[in-house]
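What follows is a short report on a single structure.
The model shown is predicted, which means the values in this text are computed figures rather than measured ones. To find a chain, count down the sequence lines: A is the first, B the second, and so on, and within it residues start at 1.
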2 protein chains.
Amino acid sequence: MPTGKPPTSHDVARLAGVSQSTVSLVFRGAAGGRVGQRTQRAVLDAARQLGFRPNADARRLRVGGPRMVLIAVPDIVNPFFARVFTGARTAARERGFQVVLSVQRDLESVAADVAGQQVDAVLACSLDDGGRPLDDAVPAVVLDAEPPEGQGSVRFDIAPALTDVVDHLHRLGHRGIAHLRADVRTATFRERAEAVDAACAARGMNRVHASSALDVDAARAAALPLLAGGGSGPCAPGAFTAVVCDDDVLAVGVYKAAQALGIAIPGGLSVTGVDDVDLAMAVTPELTTVDLPGEELGETGMRRLVAELERADDEQAGGERVGADRGSDAGACVRLPAQLLIRGSTARPGTPLPLR
Amino acid sequence: MPTGKPPTSHDVARLAGVSQSTVSLVFRGAAGGRVGQRTQRAVLDAARQLGFRPNADARRLRVGGPRMVLIAVPDIVNPFFARVFTGARTAARERGFQVVLSVQRDLESVAADVAGQQVDAVLACSLDDGGRPLDDAVPAVVLDAEPPEGQGSVRFDIAPALTDVVDHLHRLGHRGIAHLRADVRTATFRERAEAVDAACAARGMNRVHASSALDVDAARAAALPLLAGGGSGPCAPGAFTAVVCDDDVLAVGVYKAAQALGIAIPGGLSVTGVDDVDLAMAVTPELTTVDLPGEELGETGMRRLVAELERADDEQAGGERVGADRGSDAGACVRLPAQLLIRGSTARPGTPLPLR
DNA sequence: TTGAAAGCGCTAACAC
DNA sequence: GTGTTAGCGCTTTCAA
């Protein structure tokens, strides 16, 4: 007569006519040579009959499971974040850490996940701006975002990469560009905008901009008036021969708009993107873009986090240090290089875009 | 003098000069009105000073956390699986279940994850062939795979969709096709191959095939000799005017090969894919493909799983049923429709491919 | 308003 | 070989 509660090892023991610790031995596989064959079989049978499964919580409480770090990303369908996750997971496993994934945009929800699981540390990727260190007392490293406080962070060195993009176009002979920005308010996109602006200014290049949500259709819609000469900014509309996009997805939208308007790429218009997704290689011509090594971002962040945890262990083991010594370089901000990949979508400017 | 072990609520109690249960009250937020302000502050201060964090395992052992289901996918970077995960997660949350992700290809590793966490059920997507029900006693539903035993499964109704593809090409006037298969041995790809073969046979269409790993470069390499007329099969090489691909990624490879050979799409060659990834919309011309609604797959599977769990609960609560009643429709295999999306990459055949 | 005490289900010494 | 026992860190009556 099973009750509403799942069976415990006691129940199994009773049914098998053995003691509870024998059940424990059998289920841990530590029964080799210590528990008789008959007994073992009896235990297993009783367990099956009852549908018994060892309670992992109780086991972990007793024995202490592997340490866990939670990885938070805003969107796992986006392959970039999936790569970050993969990289982080790899690094964690190497060090014997388990990882749990939390797909959340806001800190609140991440904090809830942290409380719910037995989490030892948090790796938070591309969180929305304005996040404080979520919970104190939980070591954390943020990825691709403004480090909230004295916390560690790993980010791309994105500004030089976008400077390279502009420079590349400039050297090809482009003298005016349009910048299609992603309508996302995170640090990385702000940095991209600033870098493009600065690079254009430094080279005396004409510059207009538009912005769009991070999907192809929105980008297409935003690009259409721009390419058709409807740009409204301080610069004369139409006075650009290249579009610099904040993301490859936006670049695809520009391809579509250009196609709709009968503008050839790269003959009539050069286009660049950021974040070397498969998209960049799939389109024709292949897209000149900036490679953002997501896996490496995840790996590097996880390694920092693990190092921090292990330092904390040592500290405790070795007795207390003076306060000033704590946190050594925990607040440091590592920058990962982002590399420009030149492909077929950029070329010397042909005829400037006709105003329509 | 902190030891190597993390502080417990007892430590906090001692430092704050209160009892352990008071600490517990404060940390559960159940202190409102029951614990004095001064006491509360003292507890919080002591906790901060010690770096105390409640032990989630102990808490769950006592109070029983939300139930968890583990979702296993072979590759989270593949957006299809990411969508499956997302759909499953959504459905789980609606019912108050937590989800944990396990990225593994083989059953062994999944089983390890199941044992490590307190998992109540498993949703396994696209596992390699030959998997038995991983652990008995853990309810499981498999997605997009041969149901191992009497277990539930949810899969796409892929055969009719590929029949539609062939039929579509046939109606356009194509009389011979090449089938570019994915070099992956799972049930879904076997079904695709069989469906294409059968559909061609039924219509008396010429058919050759090749196979390739699931990436663009491999597909391109595989498509090149095929398009150049080097196909080796029972059918005369070159006697096709369309390529049916097992996956959109493969189709992109075919685009590249066609481009390299100066073959226009769809003028000189029609191409189709499967699995409506962003890729299909990004390429030019847009790819005729079969939409595989991954989110729906995940949602449906999770709903089945949750229903099964809740049925089990009821059963236990209401006393034991006779054995024959168990499992009602647990072994049923649901099929989700997969829809053909016709886009620009298919058209009536122009000149047949020249043999080179 | 706070404290004492009894477990949650399991593991790991240690006894028999 | 198998059983006894004492906790793991927390929640939760029940007293004070």
Side-chain angles (χ1 to χ4, degrees), chain A residues 2-44 46-47 50-67 115-120 137, chain B residues 2-44 46-47 50-67 115-120 137:
Chain A
T3 75
K5 304 160 60 60
T8 75
S9 57
H10 273 108
D11 301 327
V12 176
R14 198 173 314 120
L15 184 64
V18 300
S19 93
Q20 182 271 335
S21 59
T22 303
V23 176
S24 179
L25 277 182
V26 171
F27 267 85
R28 275 163 34 228
R34 326 226 240 146
V35 177
Q37 287 298 325
R38 284 171 46 86
T39 318
Q40 239 173 105
R41 192 160 306 281
V43 168
L44 259 11
L50 258 29
F52 166 77
R53 290 196 319 122
N55 180 320
D57 286 331
R59 153 181 266 271
R60 281 219 304 256
L61 170 57
R62 192 65 181 83
V63 88
R67 303 177 68 176
Q117 314 246 23
Q118 179 68 320
V119 168
D120 298 292
Chain B
T3 75
K5 303 160 59 60
T8 77
S9 57
H10 273 107
D11 300 327
V12 175
R14 198 173 312 120
L15 183 63
V18 300
S19 92
Q20 183 271 335
S21 58
T22 303
V23 176
S24 179
L25 278 182
V26 171
F27 266 85
R28 276 169 28 233
R34 325 221 243 147
V35 177
Q37 288 298 324
R38 285 172 47 88
T39 319
Q40 234 170 111
R41 192 160 306 280
V43 168
L44 258 13
L50 257 31
F52 166 76
R53 291 196 321 121
N55 179 319
D57 286 330
R59 153 181 265 270
R60 282 219 304 254
L61 170 57
R62 190 67 181 79
V63 89
R67 304 177 68 178
Q117 315 247 22
Q118 179 68 319
V119 167
D120 298 292

Under a 4.0 Å heavy-atom cutoff, the residues of residues 9-20 of chain B touching DNA chain C are B:Val18, B:Ser19

Which heavy-atom pair separates B:Asp57 from A:Arg60 by the least distance, and what is that distance?
OD1-NH2, 3.0 Å

side-chain contact (heavy atoms from CB on, under 4.5 Å) involving B:Arg59 - partner list, sequence neighbours excluded
B:Arg28, B:Val63

Shortest non-hydrogen contact from A:Ala58 to B:Leu61?
CB-CD1, 3.6 Å

Holding to side-chain contact (heavy atoms from CB on, under 4.5 Å), I want the full list of residues that pass it with A:Ser21, two or more places apart in sequence or in another chain.
A:Ser19

Between B:Leu61 and B:Thr39, name the one whose nearest nucleotide on DNA chain C is closer to the 5' end.
B:Thr39

With B:Arg62 via side-chain hydrogen bond (donor to acceptor under 3.5 Å, both in side chains) - residues at least two apart:
none

If every non-hydrogen atom of A:Thr8 is compared with every non-hydrogen atom of A:Phe52, which pair is closest and at what distance?
C-CE1, 3.5 Å

What contact category does B:Arg59 fall into here, base, sugar-phosphate, or nothing, at under 4.0 angstrom with non-hydrogen atoms?
sugar-phosphate

Mind checking side-chain hydrogen bond (donor to acceptor under 3.5 Å, both in side chains) for B:Gln20 and listing every partner two or more places apart, or none if nothing turns up?
B:Ser9

Among all residues two or more places apart in sequence or in another chain, which pass the salt bridge (charged side-chain N to carboxylate O under 4.0 Å, His left out) test with A:Arg41?
none

Nucleotide range of DNA chain D lying under 4.0 Å from chain A heavy atoms
D:dG1 to D:dG9

Just to be sure I understand the rule, does B:Arg28 reach a base, reach only the sugar-phosphate, or reach nothing, if contact means heavy atoms closer than 4.0 Å?
base

In chain order, what residues pass the side-chain hydrogen bond (donor to acceptor under 3.5 Å, both in side chains) check against A:Gln117, with sequence neighbours excluded?
none

What closest approach, in Å, do B:Ala16 and B:Ala42 show between heavy atoms, and which atom pair accounts for it?
CB-O, 3.8 Å

Testing the basics here: between B:Val26 and B:Gln40, what is the closest heavy-atom pair and its distance to 0.1 Å?
CG2-CG, 3.7 Å

Taking side-chain hydrogen bond (donor to acceptor under 3.5 Å, both in side chains) as the test, write out the residues that go with A:Asn55, two or more places apart.
B:Gln118

Axis-to-axis angle across the helix from C:dT1-D:dA16 to C:dC16-D:dG1, five pairs each end, nearest 10 degrees, ~ 40°

Please list all pairs passing the salt bridge (Lys or Arg N to Asp or Glu O under 4.0 Å) test where one or both residues lie in residues 11-21 of chain A, with sequence neighbours left out.
A:Asp11-A:Arg14

Sugar-phosphate, base or nothing in reach of B:Thr8, heavy atoms under 4.0 Å:
sugar-phosphate

What is the 5' to 3' range of DNA chain C, first to last nucleotide, that sits under 4.0 Å from any heavy atom of chain B?
C:dT1 to C:dG9

With nearest nucleotide decided by heavy atoms, which residue, B:Gln37 or B:Arg62, maps closer to the 5′ end of DNA chain C?
B:Gln37

